[in-house]
Amino acid sequence: MSTTQQQGTHSLAFRVMRLCKPSFHVEPPFRLDPTDLFVGEDIFDDPIAADNLPPLLSSHASKAVDSSDLTYGNRFLLNHPSDAMGFSGLLVLPQSFGAIYLGETFCSYISINNSSNFEVRDVIIKAEIQTERQRILLLDTSKSPVETIRAGGRYDFIVEHDVKELGAHTLVCTALYNDGEGERKYLPQFFKFIVANPLSVRTKVRVVKPQCNILPSLNIEGGRAVVGEFKETTYLEACIENHTKSTLYMDQVEFEPALHWSATVLKADDYHPADNSSSGEIFKSPVLIRSGGGICNYLYQLKFSSGDSAQVKVEGSNILGKLQITWRTNLGEPGRLQTQQILGTPITRKEIELQVLEIPSLINLDRPFSVHLNLTNHTDRELGPFEVSLSQNTEEKIVMINGLQKMTLPQVEALGSTDFHLNLIATKLGVQRISGITVSDTREKKTYDPLPDVEIFVDTD
């Protein structure tokens with residue numbers, strides 16, 4: 001932290017100390033077990049030595065340890081297994097201002113000292129944080145000034161601030177007071193520090209569309225199968241990297257989905273035994289990200305939670321949501337960050353959408369069957385009339401229209417829809433695809449995207 005003070009003679013001066021938790025005092029050990037000086041590990045392979053040597057060696061080691069030995073002749077001996085960790089049992093107070101990271105709480109102990117030989121009176125103290133964007137008042141004693149600060153005395157206070165911006169910050173401490181001669185003086189002091197980013201969050205969004213070689217979900221209702229919607233599934237991958245000098249314990253990494261979205265976190269260890277399900281929720285294994293570039297990856301599955309997902313896509317934006325991240329450092333100091341809104345793939349506006357509602361649960365070879373379809377107008381104007389047909393291409397059609405090859409549909413009002421049935425026939429056994437069904441606007445001479453492929457099973461009579 002750098003300090004600047006207005007030139008001039010003042011009776012008062014500010015002193016600032018950052019309040020933060022101490023650190024562990026670690027002494028990198030070079031210690032050894034006394035028994036290693038006399039015998040090696042291989043001697044314990046002998047069953048006789050394994051039974052007789054440990055009591056003799058332990059008694060020898062206990063005699064070697066003498067707490068009254070002021071020469072520290074045994075300071076290199078490994079008297080306890082925990083000695084190998086290097087923890088001395090002491091905590092070290094911070095020796096410098098240290099690094100301040102975004103998302104932490106900046107806490108400072110401020111002391112205003114009277115270094116003159118006279119008493120100062122009616123002291124008005126202010127403390128505020130200045131950033132590039134704003135000024136935040138932390139303390140103001142204008143309404144209740146400090147009456148007096150005696151010669152050689154001081155007035156202490158503590159301020160806190162949740163750090164929410166990166167870059168340069170300035171802690172501005174000012175005092176307005178009457179000195180020993182009754183002169184009104186103004187003392188400003190500036191303490192500058194830099195706020196760094198503790199984490200970097202990299203995200204990747206991938207949209208998985210239904211594949212044509214996967215059968216849709218079927219619900220049997222009255223001898224007919226209701227086809228599950230062909231919903232796209234969005235996957236969000238978040239990679240969190242630790243830029244601090246200490247290991248971070250991740251309390252929580254939650255994705256808050258935007259309106260009409262639902263999110264599920266996917267983990268490799270989702271399986272838990274049924275009898276330990278409650279304890280598994282309470283006692284979660286800690287997620288630690290090591291210092292200096294350690295990473296941790298999270299994967300979320302996002303789906304539309306609204307029933308009318310297509311309409312939401314048209315009217316809404318491509319905002320998926322944001323991540324809420326909370327963590328703790330070695331001695332439990334908390335931190336919290338919230339990412340900006342994460343954007344998905346650009347949304348393309350569909351004017352007309354054709355989808356399957358129902359297909360028969362049993363389809364026989366060379367027997368006509370009816371498919372229940374829905375045509376939806378997503379625009380704010382009336383469209384149509386339409387023609388429904390099978391696209392003409394070189395690929396052999398296994399499932400064809402039975403009867404007239406073109407079906408005419410009336411106009412569809414703005415944001416409206418219409419249901420209709422299309423008669424088809426299958427000419428081969430096994431798993432086949434209904435593909436190439438297209439819709440054309442006869443008035444605007446425009447052909448829209450074809451119906452997504454649907455797989456069916458064709459059986460014998």
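Being a predicted model, the structure only gives us computed values, none of them experimental.
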S.K.: Hey, mind stepping through L12 and N113 against side-chain contact (heavy atoms from CB on, under 4.5 Å) and telling me if it holds?
M.R.: CA-CA 5 Å; L12 300 180; N113 304 293; over 6 Å; no

S.K.: For Q252, look at atom CD and say whether over 12 heavy atoms of other residues, nucleotides or ligands are found less than 6.0 Å away.
M.R.: yes

S.K.: Can you confirm whether more than 12 heavy atoms, excluding those of R154, are under 6.0 Å from its CZ atom?
M.R.: no

S.K.: What is the minimum heavy-atom distance between Q355 and L451, and which atoms define it?
M.R.: CA-CD1, 3.6 Å

S.K.: Does a sphere of radius 6.0 Å around CD in E241 hold more than 12 heavy atoms from other residues, nucleotides or ligands, not counting ones at 6.0 Å or beyond?
M.R.: yes

S.K.: Between S111 and D156, does the side chain to side chain donor-acceptor pair (under 3.5 Å) criterion hold? Intermediate values first, please.
M.R.: CA-CA 4 Å; S111 178; D156 303 332; 2.7 Å; yes

S.K.: Of all heavy-atom pairs between T427 and D366, which one has the smallest distance, and what is that distance?
M.R.: CA-OD1, 3.7 Å

S.K.: Which atom pair, heavy atoms only, marks the closest approach of Y101 to T244?
M.R.: OH-CA, 3.6 Å

S.K.: Test L354 against every option in N374, L375, T376, D449 by the side-chain contact (heavy atoms from CB on, under 4.5 Å) rule and name the one that passes.
M.R.: L375

S.K.: Taking atom NZ of K185 as the centre, report whether more than 12 heavy atoms of other residues, nucleotides or ligands fall under 6.0 Å from it.
M.R.: yes

S.K.: Give a yes or no on whether a salt bridge exists between E351 and K446, defined as a side-chain N under 4.0 angstrom from a carboxylate O.
M.R.: yes

S.K.: Do Q134 and E165 pass the side chain to side chain donor-acceptor pair (under 3.5 Å) test, and can you show the C-alpha distance, the side-chain angles, and the key distance before you say yes or no?
M.R.: CA-CA 10 Å; Q134 58 183 341; E165 293 184 39; 2.8 Å; yes

S.K.: Do the side chain of T326 and the main chain of D251 share a donor and acceptor less than 3.5 angstrom apart?
M.R.: no

S.K.: Is it the case that over 12 heavy atoms from other parts of the model lie below 6.0 angstrom from the CZ atom of R184?
M.R.: yes

S.K.: Please check if the side chain of N318 supplies one atom and the backbone of G344 the other of a donor-acceptor pair under 3.5 Å.
M.R.: yes

S.K.: Here's a test for you: under side-chain hydrogen bond (donor to acceptor under 3.5 Å, both in side chains), which of Q301, K204, R206 qualifies with Y235?
M.R.: Q301

S.K.: So, are R328 and E333 salt-bridged, with charged N and O less than 4.0 Å apart?
M.R.: no

S.K.: Salt bridge or not between E104 and R18? Use side-chain N to carboxylate O under 4.0 Å.
M.R.: yes

S.K.: Write down the atom of V195, the atom of L102, and the distance for their closest heavy-atom approach.
M.R.: CG1-N, 3.6 Å

S.K.: Quick one, P198 and N242 - any side-chain contact, counting heavy atoms below 4.5 Å?
M.R.: no

S.K.: Counting distance only, does the side-chain N/O of N377 pair as donor-acceptor with the main-chain N or O of E413 below 3.5 Å?
M.R.: yes

S.K.: Locate the shortest heavy-atom distance separating D441 from P385; write the atom from each residue and the value.
M.R.: OD1-O, 3.5 Å

S.K.: Centroid separation under 6.0 Å, is that true for the rings of F157 and Y109?
M.R.: no

S.K.: Quick one, F369 with N364, criterion side-chain contact (heavy atoms from CB on, under 4.5 Å). Give me CA distance, side-chain angles, the key distance, then yes/no.
M.R.: CA-CA 8 Å; F369 62 94; N364 294 324; over 6 Å; no

S.K.: What are the two closest heavy atoms between H243 and S200, and how far apart are they?
M.R.: NE2-OG, 2.9 Å

S.K.: Does S440 reach the main-chain N or O of T442 with its side chain, forming a donor-acceptor pair under 3.5 Å?
M.R.: no

S.K.: How far apart are the C-alpha atoms of L383 and V412, what are their side-chain angles, what is the distance that settles it, and do they pass the side-chain contact (heavy atoms from CB on, under 4.5 Å) test?
M.R.: CA-CA 6 Å; L383 294 178; V412 180; 5.6 Å; no

S.K.: Do the side chains of E444 and R381 get close enough for a salt bridge, i.e. N-O under 4.0 angstrom?
M.R.: yes

S.K.: Decide if the gap between the ring center of F193 and the ring center of H169 is smaller than 6.0 angstrom.
M.R.: yes

S.K.: Give a yes-or-no answer on whether the side chains of E254 and Q324 include a donor-acceptor pair shorter than 3.5 Å.
M.R.: no

S.K.: Do NZ/NE/NH1/NH2 and the carboxylate oxygens of R135 and E128 come within less than 4.0 Å?
M.R.: yes

